[in-house]
Each structure stands twice: as C-alpha cells, then as structure tokens.
Novice: 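For reference, the structure I am asking about is given below.
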Amino acid sequence: MTAKVAYESVEVGTELPAQSFPVTRATLVQYAGASGDFNPIHWNEKFAREVGLPDVIAHGMFTMAEAIRVVTDWLGDPGAVVEYGVRFTKPVVVPNDDDGALIEVSAKVAALLEDKQVRVDLTAMSEGKKVLGMSRAVVRLG
C-alpha cells in the first residue's frame with residue numbers, strides 16, 4: 001500500500017480530520033485479552049481506587065493506538081507511519097456505565113521533512129484533559 005495523501009498537497013498547518021473514540025469497560029477487557037495486559041487497574045474498580053486512581057483507567061498503549069488512528073485513517077496506509085511516540089500525561093478514566101469514556105483526537109502537519117515525510121502532531125483529550133503529551137508521528141506520503 002501507499003499513502004493516499006500526496007506530499008505536494010500538504011503544508012505546515014494542514015489539519016487532519018478529528019475523531020472521537022469511545023472506550024467502555026468491555027473495550028478494556030477485549031484489549032487486555034488481545035495484549036495480555038491484565039493489570040487490575042484496567043478492570044477492577046476497587047483495586048484501582050486502592051492504589052490512588054479515581055476509577056478504572058484505559059491502558060496507555062490502547063490510548064496511544066486509538067490516537068494514531070487519526071493519522072492512519074488520513075494516510076490510508078498504516079505502513080506509512082515511520083515513527084510514533086507519546087508521553088502519557090493523564091489517564092483515561094473509564095466509568096462503569098453505558099457511556100464509558102471518550103478519547104477525542106485532533107492532529108495537524110507540524111513540519112515538512114525530506115524524502116516526502118512530514119511530522120504530524122496529535123492532541124488527545126478525555127474529559128477536557130490532555131491525556132497524551134509530545135504525541136508525534138513521522139509519516140511518508142505518496
């Protein structure tokens with residue numbers, strides 16, 4: 001596959017379509033099974049509170065994976081991601097109700113690089129708080 005976005009069609013400041021990703025307790029159980037991360041802070045409310053958390057929280061790697069979807073959906077090719085990194089700043093708290101939590105992600109082109117690559121800066125928010133810091137991806141465009 002090749003990225004469907006042409007290097008010549010973007011400039012610094014180009015905004016990617018924002019997306020919101022719902023997270024429920026069921027989502028966390030599914031992710032735990034797929035990842036093998038069964039830490040009780042991700043499924044046991046009593047344990048999470050005992051260790052000082054406000055409630056069950058989403059896995060950091062899950063949050064990171066949801067955020068990059070904004071970029072891979074825009075690219076049309078997940079293989080076009082050359083680098084991706086974040087700092088985990090706040091947890092995504094997932095209440096035990098029908099709604100769960102929402103991760104809201106926006107992104108924009110921050111720098112044009114060599115070899116048809118660009119740096120994309122992402123902003124991931126939940127409950128009005130930034131949950132990922134220094135969230136950046138380098139991608140190769142078509």
Side-chain angles (χ1 to χ4, degrees), residues 1-45 47-49 51-142:
M1 293 179 73
T2 303
K4 67 181 180 181
V5 179
Y7 182 81
E8 297 77 18
S9 70
V10 300
E11 56 190 40
V12 171
T14 298
E15 293 187 13
L16 284 60
Q19 293 187 54
S20 295
F21 304 100
V23 187
T24 64
R25 296 279 178 96
T27 309
L28 299 182
V29 171
Q30 292 168 338
Y31 182 81
S35 69
D37 182 351
F38 293 101
N39 186 323
I41 64 173
H42 303 304
W43 58 270
N44 183 319
E45 184 175 335
F47 183 86
R49 290 184 189 278
V51 297
L53 295 169
D55 205 334
V56 165
I57 63 170
H59 303 73
M61 296 301 286
F62 172 81
T63 303
M64 185 178 176
E66 290 291 77
I68 196 66
R69 288 176 55 190
V70 167
V71 177
T72 58
D73 287 355
W74 175 66
L75 292 170
D77 177 11
V81 176
V82 177
E83 295 176 26
Y84 177 45
V86 306
R87 289 180 56 203
F88 301 107
T89 56
K90 299 277 184 199
V92 175
V93 178
V94 183
N96 190 17
D97 60 21
D98 292 336
D99 297 326
L102 195 63
I103 302 169
E104 299 170 290
V105 183
S106 60
K108 66 180 176 180
V109 174
L112 302 177
L113 308 172
E114 296 178 5
D115 198 25
K116 293 189 174 186
Q117 294 183 29
V118 299
R119 190 185 89 216
V120 177
D121 290 353
L122 297 90
T123 301
M125 307 283 290
S126 184
E127 294 184 345
K129 297 175 184 160
K130 194 172 184 181
V131 296
L132 299 176
M134 298 293 291
S135 184
R136 296 178 173 170
V138 173
V139 300
R140 186 179 321 280
L141 302 181

Novice: Run Leu112 and Tyr7 through side-chain contact (heavy atoms from CB on, under 4.5 Å) and show every step you take.
Specialist: CA-CA 9 Å; Leu112 302 177; Tyr7 182 81; 3.4 Å; yes
Novice: Measure the CG-NZ distance between Asp121 and Lys108 for me, rounded to the nearest 0.5 Å.
Specialist: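 Going from the CG atom of Asp121 to the NZ atom of Lys108 covers 7.5 Å.
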Novice: With rounding to the nearest 0.5 Å, note down the distance linking CG in Leu141 to CD in Glu8.
Specialist: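 Spacing of CG (Leu141) from CD (Glu8) equals 9.0 Å.
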Novice: Does Ile57 reach the side chain of His42, with side-chain heavy atoms less than 4.5 Å apart?
Specialist: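 Yes, side chains in contact.
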Novice: Which pair of heavy atoms, one from Ser20 and one from Leu102, lies closest together, and at what distance?
Specialist: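 Smallest heavy-atom distance, with atoms named: CB-CD1, 3.9 Å.
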Novice: Which of these, Thr72, Val139, Ile68, Val138, sits in a side-chain contact (heavy atoms from CB on, under 4.5 Å) with Tyr84?
Specialist: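 Only match with Tyr84 under side-chain contact (heavy atoms from CB on, under 4.5 Å): Ile68.
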Novice: For a quick check under 3.5 Å, do Asp73 and Gln19 share a side-chain donor-acceptor pair by atom type?
Specialist: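 Checked: Asp73/Gln19 side chains pair up, N/O donor to acceptor below 3.5 Å.
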Novice: Over all heavy atoms of both residues, which pair between Ala110 and Val12 is shortest? Give the atoms and the distance, please.
Specialist: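 Heavy atoms of Ala110 and Val12 come nearest at O-CG1, 3.7 Å.
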Novice: Are any of the side-chain heavy atoms of Arg25 and Glu45 separated by less than 4.5 Å?
Specialist: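 Answer yes - side chains close enough.
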Novice: Given 3.5 Å as the limit, does a donor-acceptor pair link the side chain of Arg49 with the main chain of Pro54, or not?
Specialist: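 Answer holds: yes.
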Novice: Less than 4.5 Å apart, any side-chain heavy atom of Thr14 and any of Val120?
Specialist: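 No; the side chains remain at least 4.5 Å from each other.
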Novice: State, to 0.1 Å, how close Asp55 and Pro95 come at their nearest heavy-atom pair, and which atoms those are.
Specialist: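 Heavy atoms only, the tightest pair is OD2-CA, 3.7 Å.
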Novice: Got a second to check how far Glu104's CD is from Glu66's CD, nearest 0.5 Å?
Specialist: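 Separation between the atoms: 13.0 Å.
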Novice: From Leu122 CG over to Leu132 CG, what is the distance, rounded to the nearest 0.5 angstrom?
Specialist: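 Leu122 atom CG to Leu132 atom CG measures 8.5 Å (nearest 0.5 Å).
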Novice: Please state whether the rings of Tyr31 and Phe62 are parallel, tilted or perpendicular, taking 30° and 60° as the class boundaries.
Specialist: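 Answer is perpendicular, since the angle exceeds 60°.
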Novice: Distance check, rounded to the nearest 0.5 Å: Thr27 atom OG1 versus His59 atom NE2?
Specialist: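 NE2 of His59 is found 11.0 Å from OG1 of Thr27.
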Novice: Is there a donor-acceptor contact under 3.5 Å from the side chain of Asn39 to the main chain of Ile41?
Specialist: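 Such a contact is found between Asn39 side chain and Ile41 backbone.
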Novice: Would you name the heavy atoms of Phe88 and Met61 that are closest together and state the gap between them?
Specialist: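 Looks like CZ-SD, 4.1 Å.
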Novice: Can you tell me how far apart OG1 (Thr89) and NZ (Lys130) are? Round to the nearest 0.5 Å.
Specialist: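 Taking OG1 in Thr89 and NZ in Lys130, the distance rounds to 7.0 Å.
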Novice: Does any part of the side chain of Val109, heavy atoms only, come nearer than 4.5 Å to the side chain of Trp74, both counted from C-beta?
Specialist: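 Yes, close enough: below the 4.5 Å cut-off.
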Novice: Determine the minimum heavy-atom distance between Val70 and Ala107, stating which atoms define it.
Specialist: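 Heavy atoms of Val70 and Ala107 come nearest at CG1-CB, 4.0 Å.
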Novice: Nearest heavy-atom pair of Val23 and Ala58: which atoms, and what distance?
Specialist: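 Here Val23 and Ala58 meet closest at CG1-CB, 4.5 Å.
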